[in-house]
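Remarks on the structure that follows.
Lettering of chains follows the sequences in order, A, B, ..., and the numbering in each one begins at 1.
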Amino acid sequence: MLNTVFIIILGSIMLVAAFLAVYIKNLVSSVIAAGIISLLASLIYLLLAAPDVAMTEAAIGSGLTTVVFLLALKNIKQKEEDTDD
Amino acid sequence: MIKQVLSLVAIVLLAALIFAPMLINTPLHTSLTPLANYYATQGADDLGAPNLVTAIVVTYRGLDTLGEVTVLFIATAGIGFLMGKKKKLITPKRPASELLQNGASFLLPIIILFGVYIFMHGHLTPGGGFQGGVVIASGILFMMLINQDWSHNVFLFLESFSGFFYVTIGALGIVLAGGFLDNRILPLGTFGTIFSAGAIPLIYSLIGLKVGTELVGILHAMRGEE
């Protein structure tokens, strides 16, 4: 029962983060919001007794994917600065 | 405005179509399917791995795992081909701060040790090659942040080395045991110790190295772009 309550709370925060990721104007914040979705998803997997999936989701979803998105943003910004000059 | 309303209606309709059947008649599984039942009852005796998920991922469904590693390899090769052409690194506008430098060099060995622990104990505890590999890649990312890069050739060598031996061990299973990627080419050992479950620790360590070095390759290619 307590598990269900936690999952519902985490799921609602995930929904909010998903809307933020789409509608926030600042791209860095939107990447962080996407990372938060994965982090909460990994918590839900843990509550559903799937620690293997939870570890994968936490490491890849919220860790590495966020970094790859940030690196891509950095590359795009650098290109824009180069064309402005 | 009309476009937005129409797309919203389309999304809601689609979601209803997908999720309504799930809500209405979700069958409540009270027993395992025959295959899952076999895994749950015979898996530990068959393969000697306490963590059943690892036994399924590495041995029963080993071919799928080989496919996943291949998909990751193709993705890395594509990113390297598209983004890694320019050799010039981005010159940082300022050197990394002292806090970051000291913190990263302190945490790096611990993170890598933790990654190695995860994939060495894949058959005993949750986690395994993929998780451990990603943890190692995030350790290497720390090193990239403080601009203290190792030669990328080390990672390229490790990647091809682990990939080659993964497939070789898999092929040995055809000759020495029941089939491709069978873990019983080595003795099963005592149930629950680190050197047990046949070749599972070996195979998962190689997968961990392969995944880790492939992800480092992705980070390297994305960072090295001018």
For A/Ala50, is it the side chain, the backbone, both, or neither that has a heavy atom closer than 4.5 Å to a heavy atom of chain B? neither
Backbone N/O of B/Gly127 and side chain of A/Asp52: donor-acceptor pair under 3.5 Å: yes
Taking C-beta and beyond as the side chain, do B/Val134 and A/Met55 meet within less than 4.5 Å on heavy atoms? no
Heavy-atom neighbours of A/Phe69 CZ exceed 12 at 6.0 Å: no
When the 4.5 angstrom heavy-atom criterion is applied to A/Ile60 and chain B, the contacting part is both
Are more than 12 heavy atoms, taken from residues, nucleotides or ligands other than B/Gln42, located less than 6.0 Å from that residue's CD atom? yes
Checked B/Asn51, B/Val135, B/Ile218 vs chain A; the most non-hydrogen pairs under 4.5 Å come from B/Asn51
Look at atom CG of B/Leu35 and say whether more than 12 heavy atoms of other residues, nucleotides or ligands are closer to it than 6.0 Å. yes
Separation between CE of B/Met144 and CG of A/Leu71, rounded to the nearest 0.5 Å: 8.5 Å
